[in-house]
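Read the structure below first, then the notes.
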Amino acid sequence: MLQSKLFPKTQKQAPRDEISANAQLLIRAGFIDKLMAGVYTFLPLGFRVLKKIENIIREEMVGAGGQEILMPALQPKENWDKTGRWETMNDLYRIKDARDKEFALGPTHEEIIFPFLKKTISSYKDLPVYVFQIQNKFRMELRAKSGLLRGREFLMKDFYSFHANENDRDRYYDLMIDIYKRVFARAGVGKETYFTFAPGGTFSKYSDEFQTVTEAGEDVVHICDKCRKAINNEIFREQRKCPQCGKSDFRKEKAIEVGNIFKLKNKFAEDFDLKFKDKDGHEKFVITACYGIGLGRLMGAVVEVNHDDKGIIWPEAVAPFRIHLLLLNNELRIKNKADELYKDLQKAKIEVLYDDRDDVSAGEKFAEADLIGIPYRVVVSEKTAAQNKLEIKKRNEAKARLITKKELLKYV
RNA sequence: CGGGCCGUAGUAUACCGGUAGUACGCAUGCUUUGGGAGCAUGUAGACUGGGUUCAAUUCCCAGCGGCCCGACCA
């Protein structure tokens with residue numbers, strides 16, 4: 001990608017009223033644009049990051065046997081009446097069309113997937129079923145906040161598993177815990193993310209969360225460093241010992257919930273009469289669990305955890321590009337070298353953002369490169385050309401060094 | 001939803017009951033090119049509605065919007 005064509009430009013100053021690092025940096029660097037509180041447009045750079053995150057999640061979900069589907073955001077009120085959530089869910093968007101017919105904008109999809117399964121499941125032979133989608137959710141947050149961390153419309157991966165018995169469900173649930181850990185490790189927040197014992201909701205007493213430690217977080221967790229397990233502050237009173245090692249040696253931190261998984265009691269199966277005929281000829285309720293990850297929130301958490309005073313420091317797996325190539329001199333012989341390198345990198349299938357602009361000072365290019373935060377910065381200038389080398393610097397390291405093109409292609 | 005703070009060019013800000021100023025940006029020209037460059041000339045602005053007043057961007061009220069704290073959050 002040529003930076004001369006990249007849309008939009010970066011900004012020197014963050015909007016005054018944004019406090020959180022993810023909002024400030026992502027807006028300044030041109031990754032996102034705020035339409036209103038909690039609702040964002042993902043611009044070319046931000047969209048690339050979102051897609052990287054999405055693909056990591058998709059790969060892992062498919063690896064777990066999940067089959068991807070896409071359910072509607074526009075949903076009939078009747079489904080929500082059946083579970084009672086039309087009345088009880090505070091943050092449900094309830095809308096009316098011109099005929100006064102009422103609909104929900106989906107905040108989650110139990111009300112859709114359960115009745116669908118009802119049409120297709122009749123025998124234990126039809127189970128288990130693993131389905132997921134990556135789709136925009138709507139929640140009427142009374143207080144959207146902290147950039148991407150709490151939105152009203154946001155991309156979420158929701159995964160639903162359906163089983164013939166609790167053993168099978170529990171086995172699968174444990175597998176999913178490991179898969180979730182892998183997702184967060186790949187996204188670059190593995191070190192800061194803790195598997196957390198947490199309160200449930202209306203339909204189960206407890207749930208499990210994945211909490212990424214950051215000052216911008218809105219939850220408080222108590223961490224057992226020995227086991228890398230945490231307990232959500234909301235249930236710390238009833239659970240004062242580490243579920244793993246039994247000790248009560250905790251570190252208290254603020255954290256953001258990037259993932260939440262829970263075993264469902266029979267609530268939805270009963271509401272939608274989701275039963276199957278077991279081997280023994282008896283009708284039984286299908287046993288289920290749900291697994292969610294907020295993609296935008298995860299992207300925000302990645303920025304909260306990986307930035308400095310100059311800008312974002314993207315982990316390689318989710319960075320919008322791998323190399324940021326800067327041309328610091330407009331002389332044709334030097335520009336030719338950079339152009340050629342750009343082509344070679346593209347040929348090698350290395351994602352590169354090439355700052356080819358001829359009307360921007362070197363200082364500005366450096367400052368923007370730091371702000372945007374692409375992992376490898378490669379400079380072509382008079383200095384490097386004189387030695388027939390390139391300068392390379394990692395965004396998370398202080399020092400640059402000179403290498404040959406051959407070395408570069410091998411290195412990145 | 002309760003509390004607090006705040007709405008002035010694209011962005012960040014200043015002043016003011018009587019002609020709204022600065023910086024960045026943007027445009028043009030020249031110079032410059034290893035850390036958000038220099039000079040010159042331009043460009044562009046008071047959230048909405050009501051009230052007070054000879055006069056309101058300024059004061060008052062309401063609405064709308066934003067951020068922060070809290071509550072809420074399958």
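Just so we're on the same page: letters track the sequence lines, and every chain starts at 1.
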Grab the NZ-P distance between A/K145 and B/C72 for me, whole Å please. 13 Å
Polar side-chain contact A/R150-B/C73 base: donor and acceptor under 3.5 Å: yes
To the nearest Å, how far apart are A/D33 CG and B/U11 C1'? 13 Å
Summary of ring-ring contact (aromatic ring centres under 6.0 Å, His included) pairs that have at least one residue in residues 391-412 of chain A, sequence neighbours excluded: A/Y376-A/Y411
Can you tell me the distance, in whole Å, between the CD atom of A/E234 and the C1' atom of B/A71? 12 Å
Return no unless some side-chain N or O of A/R143 is found under 4.0 Å from OP1 or OP2 of B/C69. yes
Rounded to the nearest Å, what distance is computed from the CD atom of residue A/Q24 to the C1' atom of nucleotide B/U11? 13 Å
Output all residues satisfying ring pair (Phe, Tyr, Trp, His ring centres under 6.0 Å) with A/H163, sequence neighbours left out; order by chain, then residue number. A/Y130, A/Y172
Separation of the P atoms in B/G66 and B/G25, to the nearest angstrom: 29 Å
Interatomic distance at P, B/C16 relative to B/C59, whole Å: 10 Å
Spacing of A/D91 atom CG relative to B/C1 atom P, expressed in whole Å: 14 Å
Of all residues at least two apart in sequence or in a different chain, which pass the side-chain contact (heavy atoms from CB on, under 4.5 Å) check with A/E391? A/R377, A/V379, A/T384, A/A400, A/L402
Residues in salt bridge (Lys or Arg N to Asp or Glu O under 4.0 Å) contact with A/R139, at least two apart in sequence or another chain: none
Output the rounded distance in Å from CG (A/N90) to C1' (B/C73). 8 Å
Name all residues meeting the side-chain contact (heavy atoms from CB on, under 4.5 Å) criterion together with A/D356; count only those two or more places apart in sequence or in a different chain, and write none if there are none. A/L2, A/Q3, A/S4, A/Y354
Nearest-Å distance for atom pair CD/P, residues A/E218 and B/C67: 13 Å
Taking atom P in both B/C64 and B/G38, what distance in whole Å separates the two? 45 Å
Whole-angstrom distance between B/C15 and B/C69, as gauged at atom C1': 31 Å
Who pairs with A/R237 by salt bridge (Lys or Arg N to Asp or Glu O under 4.0 Å), at least two apart in sequence or on another chain? none
Rounded to whole angstrom, note down the P distance from B/U22 over to B/A9. 16 Å
Pick out the pairs of N or O atoms, protein on one side and nucleotides 64-66 of chain B on the other, that lie under 3.5 Å.
{"from": "B/G66", "atom 1": "OP1", "to": "A/A37", "atom 2": "N", "distance (Å)": "2.9"}
{"from": "B/G66", "atom 1": "O3'", "to": "A/K34", "atom 2": "NZ", "distance (Å)": "3.2"}
{"from": "B/G66", "atom 1": "O2'", "to": "A/D17", "atom 2": "OD2", "distance (Å)": "2.5"}

Distance, rounded to the nearest Å, where A/Q13 contributes CD and B/A14 contributes C1': 14 Å
Sorted by chain and residue number, the side-chain contact (heavy atoms from CB on, under 4.5 Å) partners of A/A216 (sequence neighbours excluded) come out as A/L149, A/T214, A/E304
Would you mind classifying the nucleic acid contact of A/L142 as base, sugar-phosphate or nothing, using non-hydrogen atoms under 4.0 angstrom? base
Mapping A/K9 and A/N260 onto RNA chain B by nearest heavy atom, which one lands closer to the 5' end? A/K9
What's the gap between B/C5 and B/C61 when it is taken at their P atoms, as a whole Å value? 12 Å
What parts of residues 78-89 of chain A reach RNA chain B, counting only heavy atoms under 4.0 Å away? A/R85, A/M89
C1' atoms of B/A12 and B/U53, separation to the nearest Å: 33 Å
Gap separating the CG atom of A/D273 from the CZ atom of A/F114, nearest 0.5 angstrom: 12.5 Å
Would you say the side-chain atoms of A/N55 and A/R58 include a donor-acceptor pair closer than 3.5 Å? yes
Strictly under 6.0 Å, is that where the ring centroids of A/F132 and A/Y160 end up? no
Short N-O contact, A/E340 and A/K337, less than 4.0 angstrom: no
Note, RNA chain B 5' to 3' with Watson-Crick or G-U pairs under 3.5 Å encoded as ( ), [ ], | and . gives (((((((..((((....[..))))(((((((.....)))))))...(((((..]....))))))))))))....
With the sugar-phosphate defined as primed atoms, P, OP1 and OP2, and the base as all remaining atoms, what B/S/- string results for nucleotides 28-48 of chain B, 5' to 3', for protein heavy atoms under 4.0 Å? -----BBBBS-----------
Where does the angle between the aromatic ring planes of A/F210 and A/F195 fall among parallel (under 30°), tilted (30 to 60°) and perpendicular (over 60°)? tilted
Is there any ring-ring contact (aromatic ring centres under 6.0 Å, His included) pair reaching into residues 23-49 of chain A, and which pairs are they, with sequence neighbours excluded? A/F31-A/W314
List the steps, then state whether side-chain hydrogen bond (donor to acceptor under 3.5 Å, both in side chains) holds for A/H109 with A/Q75. CA-CA 9 Å; A/H109 281 68; A/Q75 309 175 354; 3.0 Å; yes
Rounding to an integer number of angstrom, what distance separates B/U19 and B/U11 when you compare their C1' atoms? 26 Å
Looking for any heavy atom pair under 4.0 Å, which part of the strands does A/P107 touch: base, sugar-phosphate only, or nothing? nothing
